[in-house]
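Reviewing the structure listed below.
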Number of protein chains: 2
Amino acid sequence: MTDTLSRQQQIPATSGIRDDDRATVDTAELGELLLGRWAHVRRVARELAGRPELHKIEGLTHTDHRLRCFDQLHYLVGQKAVHRAFPKAFGGDEDNGGNIAGFEELVVADPSLQIKAGVQWGLFGSAVLHLGTEQHHEAWLPGIMNMEIPGCFAMTETGHGSDVASIATTATFDPETDEFVIHTPFRAAWKDYIGNGAIDGRAAVVFAQLITNGVNHGVHGLYVELRNEDGSFKPGVGGEDDGIKGGLNGIDNGRLHFTDVRVPRTNLLNRYGDVAADGTYSSTIASPGRRFFTMLGTLVQGRVSLDGAAVAASKLALTAAITYATQRRQFNASSNLREEVLMDYQRHQRRLLPRLAATYAAAFAHEELLEKFDGVFSGDQDTDEDRQDLETLAAALKPLSTWLALDTLQECREATGGQGFLIENRFASLRADLDVYVTFEGDNTVLLQLVAKRLLTDYAKEFKGVDFGVLARYAVSQAAGKTLHRSGLRRVAQTVADSGSGKKSALALRDEDTQRDLLTDRVQARVAAVAAVLRGAKGMSQEQSAALFNEHQNELIEVAHAHAELLQWEAFTRGLKKLQDPGTREVLTRLRDLFGLCLIEKDLAWFLMNGRLSSQRARTLDGYINRLLVKIRPHALDLVEAFGYGPEHVRSVVAGGAEQQRQKEAAEYTRRRRASGDAPIDEKTLLARAAKEKKARKAAKGRPQH
Amino acid sequence: MTDTLSRQQQIPATSGIRDDDRATVDTAELGELLLGRWAHVRRVARELAGRPELHKIEGLTHTDHRLRCFDQLHYLVGQKAVHRAFPKAFGGDEDNGGNIAGFEELVVADPSLQIKAGVQWGLFGSAVLHLGTEQHHEAWLPGIMNMEIPGCFAMTETGHGSDVASIATTATFDPETDEFVIHTPFRAAWKDYIGNGAIDGRAAVVFAQLITNGVNHGVHGLYVELRNEDGSFKPGVGGEDDGIKGGLNGIDNGRLHFTDVRVPRTNLLNRYGDVAADGTYSSTIASPGRRFFTMLGTLVQGRVSLDGAAVAASKLALTAAITYATQRRQFNASSNLREEVLMDYQRHQRRLLPRLAATYAAAFAHEELLEKFDGVFSGDQDTDEDRQDLETLAAALKPLSTWLALDTLQECREATGGQGFLIENRFASLRADLDVYVTFEGDNTVLLQLVAKRLLTDYAKEFKGVDFGVLARYAVSQAAGKTLHRSGLRRVAQTVADSGSGKKSALALRDEDTQRDLLTDRVQARVAAVAAVLRGAKGMSQEQSAALFNEHQNELIEVAHAHAELLQWEAFTRGLKKLQDPGTREVLTRLRDLFGLCLIEKDLAWFLMNGRLSSQRARTLDGYINRLLVKIRPHALDLVEAFGYGPEHVRSVVAGGAEQQRQKEAAEYTRRRRASGDAPIDEKTLLARAAKEKKARKAAKGRPQH
């Protein structure tokens with residue numbers, strides 16, 4: 001966004017920053033690395049997202065914003081931008097990873113567009129594709145792909161959000177007519193927050209408890225027509241508008257309910273469970289629990305793409321805020337002649353650079369998630385274990401990246417002052433739109449509990465047949481060594497299984513192995529500790545064991561959070577090693593160190609209480625982070641430039657160079673007035689001069705008269 | 001909002017919560033205490049804020065929202081709601097504290113209304129009142145009070161926000177015509193973000209560098225007419241609309257510039273500085289620096305009322321979220337028959353109750369700030385020291401309460417899931433509107449630096465003439481004892497000045513004195529440490545000393561933050577002691593403990609690294625906080641009820657009881673179906689039954705045949 005020369009000039013001579021020669025950023029190489037395996041798709045998608053036709057127009061009523069987004073979906077169809085994941089037979093590319101990469105870049109144009117497209121093709125379309133079979137594909141995929149059938153993904157109910165298994169809508173098979181009867185038994189069972197639900201949806205995949213021959217076989221998806229051509233509801237279908245939301249107002253979220261709505265038996269999306277004409281239920285998956293999770297698992301891509309979109313939003317915010325911070329000057333602490341650039345203030349560095357580091361970490365982790373996702377969905381690596389690992393990885397990363405996006409957008413908005421609050425600078429707009437990313441497609445808090453459960457399960461597996469208490473104590477008492485990485489999910493007890501590595505008495509915090517050891521050990525030891533306590537639940541009543549778990553719920557979520565941070569740190573570390581240019585690698589290593597050390601700082605009390613760091617060592621951390629900030633600061637602009645977003649993506653007035661222009665004009669004016677001699681003198685200066693003269697007179701008076 | 005009986009019923013028998021008899025909340029007494037000294041004003045203001053005429057209508061365009069707020073200002077005039085601070089001679093009450101108390105309650109109706117009213121009467125009107133003299137009062141106060149003159153407070157410029165002293169607009173005296181010439185020399189000097197600036201403002205108090213006889217006497221306010229009756233600009237005045245903002249779109253913020261605009265000499269608001277007809281400048285305050293801060297100091301009420309409004313917003317959010325959390329059920333961990341109430345989940349308690357405690361702390365601290373403010377502005381206690389203390393107190397509390405409001409609104413929104421994102425539940429709306437509270441009327445980060453400077457100055461005063469290094473080491477090495485409280489500002493070095501209190505080896509964290517000691521010591525020791533380092537700046541060049549300060553900027557801000565937290569903790573502690581009812585006092589003491597211990601937990605690493613807490617003691621903290629949460633949980637509803645906001649204020653659909661109604665209906669339906677025998681059986685249950693039968697058959701087969 002800025003040429004190299006002007007960037008160099010922005011580093012004031014007074015800042016005292018010296019850098020060794022090695023550290024420079026090859027933005028081209030770094031940018032290519034960040035684009036990742038689907039760079040070609042991202043380039044195409046970014047070109048598209050840069051077009052004004054797709055940009056959010058601020059200040060529209062929600063009605064107009066909805067109309068605009070609806071039209072934009074048609075535009076995307078025209079641009080062949082949204083069919084990458086669909087079968088080749090229907091004109092798609094069968095490119096799963098590329099599809100997500102392309103989708104998530106839409107957030108740059110308008111988050112409403114990303115999510116509305118996600119509803120149509122990522123949720124509604126994917127449900128037909130992955131839960132349905134050939135007949136369904138042939139009947140509906142073409143219309144879904146070309147927007148002849150705008151549709152809904154009708155899962156969540158007012159009464160049940162996170163707990164999908166408990167939804168109350170029923171689909172009861174009637175063998176007399178060979179039909180399913182879709183029914184909403186009470187108000188809490190209304191489908192709610194359904195994208196395309198208020199206006200646009202013509203059809204929906206409705207999730208309901210499948211009942212046949214008096215047996216409830218659990219949640220299944222059925223294809224149900226909702227509206228006539230003129231937009232009116234089909235008989236038995238009803239609903240209402242969810243109204244205005246905190247953001248994403250380009251999407252018409254709504255509520256839907258069904259009163260004995262009949263659909264043909266064949267409308268059941270029957271890949272994982274089917275009903276014969278006589279009402280007999282059959283499934284390739286015997287366990288109802290496993291069947292449910294397998295079906296839900298096919299829809300993991302929503303989480304994956306939210307993770308990527310959140311990273312993109314953080315990148316946009318940092319590009320704008322850091323660009324502005326290298327131009328804006330305020331207060332003249334070090335010189336009466338010139339004010340300081342914001343980015344040279346330590347606090348400003350503390351506010352922006354750790355978030356820049358975290359965004360890099362989240363970006364590298366997302367790329368790994370995308371590859372894992374592609375491996376599973378392409379069939380290259382799709383064992384049960386792969387699928388479980390993918391789900392756990394998505395459940396771990398999505399919470400961190402979406403919370404990071406909100407936090408980063410807010411910090412950037414505040415760091416940009418009053419400017420940041422103006423909608424023309426986009427921070428507030430993006431933040432409002434991304435707000436719901438932390439609770440939809442899996443509430444972040446609920447997702448982290450899934451991760452915690454997986455950590456406990458894996459931990460228990462490692463120690464099958466071994467006295468649990470002893471090992472737990474062992475794991476807790478030792479400072480951890482290296483661990484293996486398996487499919488994105490850390491095996492928390494690996495150290496114990498392999499061999500204990502020796503305690504390091506003198507930790508060098510900048511050392512990569514030290515950071516890894518500390519962050520790994522934090523997860524391992526805490527999992528071991530909580531597992532040891534929860535083992536007490538064996539033999540307890542359901543009520544008692546639930547109470548025991550609840551007493552450790554907070555700790556479980558914290559452990560899952562720590563685990564996800566470790567995954568990000570590892571992805572960052574692996575990612576930067578792909579860089580060829582030593583200077584770039586040096587800068588990225590510092591940024592990774594900043595990420596790692598800020599994680600340690602945030603949880604420093606744990607490391608101290610548990611003897612992982614001495615007080616002496618811990619006290620050096622703050623100063624070391626401050627020195628890292630100074631070392632990274634000269635590269636801040638390069639590091640956001642490498643994100644590769646142009647002005648057509650950032651679209652933040654504050655980052656457009658007007659600030660520099662204004663300063664130049666002001667400096668020019670002051671210079672001219674001084675030169676012409678008509679600049680007023682300050683009262684302060686005058687008083688100081690008078691005081692000096694008075695002193696001189698006094699001194700002269702006191703001088704002996706000869 | 002809910003009657004006592006239903007509240008009791010909401011605590012499930014399974015939660016295992018037992019409470020001793022003493023702890024109950026007398027919501028009437030507690031509510032009265034929270035209403036504070038200006039309870040009568042708050043009651044009147046809340047009645048007004050509950051009227052639909054004043055409520056924000058969501059989804060309006062910013063144009064319509066502005067029109068509505070403009071009309072509402074006239075409505076407020078009609079209700080005599082906004083004149084409490086003005087002189088009795090003009091129909092006011094000369095009630096400064098009451099005025100703020102009344103103003104800040106307007107946030108409940110619509111934050112735009114609060115701020116727009118604040119611009120008209122709190123900033124524009126106050127500037128005329130406090131910076132002007134009798135002639136100005138007579139000329140303009142009546143029109144300002146009755147909205148005949150909608151006006152602006154034109155201080156901030158695009159180029160200078162926080163650094164007001166550096167604004168570049170000039171007011172040059174021309175003795176030939178006895179006029180001031182107001183001029184904007186370049187784009188960066190445009191007034192920006194000016195409320196009422198885009199459309200409504202007919203006049204403004206414009207802040208400019210006052211130049212007469214070739215001398216710049218610094219920033220002064222002048223009364224300048226902006227627009228004609230038809231809304232067009234007066235000659236020489238120009239400007240533009242700031243457009244849509246992240247929130248507060250009921251206010252028409254705009255930019256203003258002046259090209260040689262002439263106003264009579266007497267338009268200078270001349271209370272603190274005047275210019276005679278011959279151009280001679282005079283002031284009762286000799287020091288230009290002190291004069292500037294005295295003038296700015298008269299406008300502190302903006303910060304005071306933002307502090308109060310932020311507390312009110314937190315109260316609203318918690319009332320809605322906690323009410324919902326005691327009704328909403330999700331997941332059935334402890335029983336197959338009934339789902340858990342959200343508020344019984346440990347994590348949910350961790351999310352909401354510490355913020356409830358912090359809101360109580362902020363509320364008690366705000367009441368003290370209000371009394372301090374009233375003391376100064378009523379003239380009862382308005383020495384220079386009182387004024388400085390007031391400013392420091394406002395600068396310390398406003399950042400914490402405004403950040404708390406954003407954090408609380410966001411956590412409540414997330415804790416309410418998808419519901420929380422719907423605008424009908426107000427979390428997202430209030431959050432968007434309050435966003436800018438953290439950077440306007442003094443950027444929070446800049447304010448905390450003012451506090452830090454004051455801490456350093458006071459520290460230096462205490463030790464005048466004493467060897468600094470020795471004392472600093474002394475302060476750092478000792479665990480602090482009691483300290484005196486002076487005028488809202490803690491004397492950080494008091495302990496040292498009085499006498500060192502002995503180290504407590506066995507700290508009981510729930511003990512009030514322990515909490516006070518730990519929190520006080522944290523401020524003292526850190527101030528002493530950073531003061532010792534900064535002392536090195538003596539004798540350095542301006543550039544070097546600025547660099548040294550910058551290297552400790554982050555620490556300075558952290559120390560100021562810690563100081564402000566201590567002030568809140570002390571206000572909470574003093575406040576709860578006014579309660580007569582022992583049960584209420586007991587509950588409030590627990591809540592204060594929760595507040596104090598969460599502060600300590602947040603900074604636990606510091607206490608560990610610096611030997612204030614042993615690792616053993618620190619490890620008990622998490623468990624102790626968890627037990628406190630369980631003890632406070634049964635009183636959560638009472639604690640929000642005591643805030644005293646009715647449904648007409650909360651206006652959050654989610655808290656209106658619909659959730660309970662839906663659950664009742666669902667439970668009734670399930671009961672009916674079970675009774676009628678047509679409820680389907682779960683496949684899971686069926687499988688379990690089959691497995692059991694198979695086992696039984698196998699056992700029968702294996703039995704020896706006789």
Side-chain angles (χ1 to χ4, degrees), chain A residues 14 16 58-59 62 159 161-163 185-188 193 211 214-217 242-246 288 330-331 333-334 345-347 350 414 417-418 421-424 428 432 436 438-439 443 543 546-547 550 553-554 557 604-605 608-609 615 618-619 662 665-666 669 680-684 686, chain B residues 14 16 58-59 62 159 161 163 185-188 193 211 214-217 242-246 288 330-331 333-334 345-347 350 414 417-418 421-424 428 432 436 438-439 443 445 543 546-547 550 553-554 557 604-605 608-609 615 618-619 662 665-666 669 680-684 686:
Chain A
T14 56
E58 301 291 348
H62 73 293
S162 299
D163 186 7
F186 39 73
R187 174 61 187 83
Y193 324 113
I211 298 161
V215 178
N216 181 352
H217 293 277
D242 270 320
I244 301 167
K245 305 184 296 293
Q330 200 80 168
F331 291 106
S334 69
Y345 286 105
Q346 185 189 55
R347 180 68 169 195
R350 271 267 180 181
E414 292 182 28
F421 193 56
L422 301 185
I423 220 75
E424 65 179 26
V436 78
V438 303
T439 53
D443 180 283
E543 190 185 324
N550 194 37
Q553 189 191 24
N554 193 55
I557 292 170
L604 191 54
L608 284 160
M609 283 190 293
S615 288
R619 276 196 295 266
R662 282 192 293 264
E665 189 202 349
Y669 172 88
I681 186 170
D682 276 2
E683 185 186 341
K684 268 186 203 170
L686 209 64
Chain B
T14 57
E58 301 289 349
H62 72 293
D163 185 7
F186 38 74
R187 174 64 186 83
Y193 325 114
I211 298 162
V215 178
N216 181 351
H217 293 277
D242 270 319
I244 301 167
K245 305 183 297 293
Q330 201 79 169
F331 291 106
S334 67
Y345 285 106
Q346 185 188 57
R347 180 69 169 194
R350 271 266 181 183
E414 292 182 29
F421 193 55
L422 302 184
I423 220 74
E424 65 179 27
V436 78
V438 303
T439 54
D443 179 282
T445 304
E543 191 186 322
N550 194 36
Q553 189 192 25
N554 193 57
I557 292 170
L604 191 55
L608 284 160
M609 284 190 292
S615 288
R619 275 196 296 266
R662 283 192 293 263
E665 188 203 349
Y669 172 89
I681 187 170
D682 275 2
E683 185 186 343
K684 268 186 205 172
L686 209 63

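Naming: A, B, ... by sequence-line order, numbering from 1 per chain. Values below: every heavy atom of this structure, side chains too, minus hydrogens, waters and symmetry copies. This structure is a prediction, so every number in the text was calculated from the model and none was measured.
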Looking only at heavy atoms and a cut-off of under 4.5 Å, which of A/R347, A/E414, A/E665 has the most pairs with chain B?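 Of the options given, most contacts go to A/R347.
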
May I ask you to name which of A/G243, A/S615, A/A546, A/G246 has the most heavy-atom pairs under 4.5 Å with chain B?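 Most heavy-atom pairs within the cutoff with chain B belong to A/G246.
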
Of all heavy-atom pairs between B/P185 and A/Y669, which one has the smallest distance, and what is that distance?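 Minimum heavy-atom separation between B/P185 and A/Y669: CB-CZ, 3.3 Å.
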
Closest non-hydrogen atom pair between A/G159 and B/Q330, with its separation: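 Closest approach of A/G159 to B/Q330, heavy atoms only: O-NE2, 3.1 Å.
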
Top of [options] for chain A proximity - count of heavy-atom pairs under 4.5 angstrom:
options: B/A432, B/G418, B/A428; value: B/G418
options: B/E58, B/R350, B/K684, B/E424; value: B/R350
options: B/D682, B/V436, B/I211; value: B/V436
options: B/D242, B/L686, B/N216; value: B/N216
options: B/V438, B/D443, B/V215; value: B/V215

So what's closer than 4.5 Å to chain B heavy atoms on A/H62: side chain, backbone, both or neither?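 For A/H62, there is no contact with chain B at all, as no heavy atom is under 4.5 Å.
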
Answer with side chain, backbone, both or neither: which region of A/N554 has an atom nearer than 4.5 Å to a non-hydrogen atom of chain B?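 Both parts, backbone and side chain.
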
Could you tell me which portion of B/Y193 (side chain, backbone, both or neither) has an atom closer than 4.5 angstrom to a non-hydrogen atom of chain A?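 Contact with chain A involves the side chain of B/Y193 alone.
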
Check against side-chain contact (heavy atoms from CB on, under 4.5 Å), A/R662 and B/F186: CA-CA 8 Å; A/R662 282 192 293 264; B/F186 38 74; over 6 Å; no

Evaluation steps, side-chain contact (heavy atoms from CB on, under 4.5 Å), between B/L608 and A/M609: CA-CA 8 Å; B/L608 284 160; A/M609 283 190 293; 3.5 Å; yes

Going by heavy atoms in the side chains, are A/Y345 and B/N550 under 4.5 Å from each other?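 A side-chain contact exists here, since the closest heavy-atom pair is under 4.5 Å.
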
Can you tell if the side chain of A/K245 reaches within under 4.5 Å of the side chain of B/I423, non-hydrogen atoms only?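 Sidechains of B/I423 and A/K245: no contact.
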
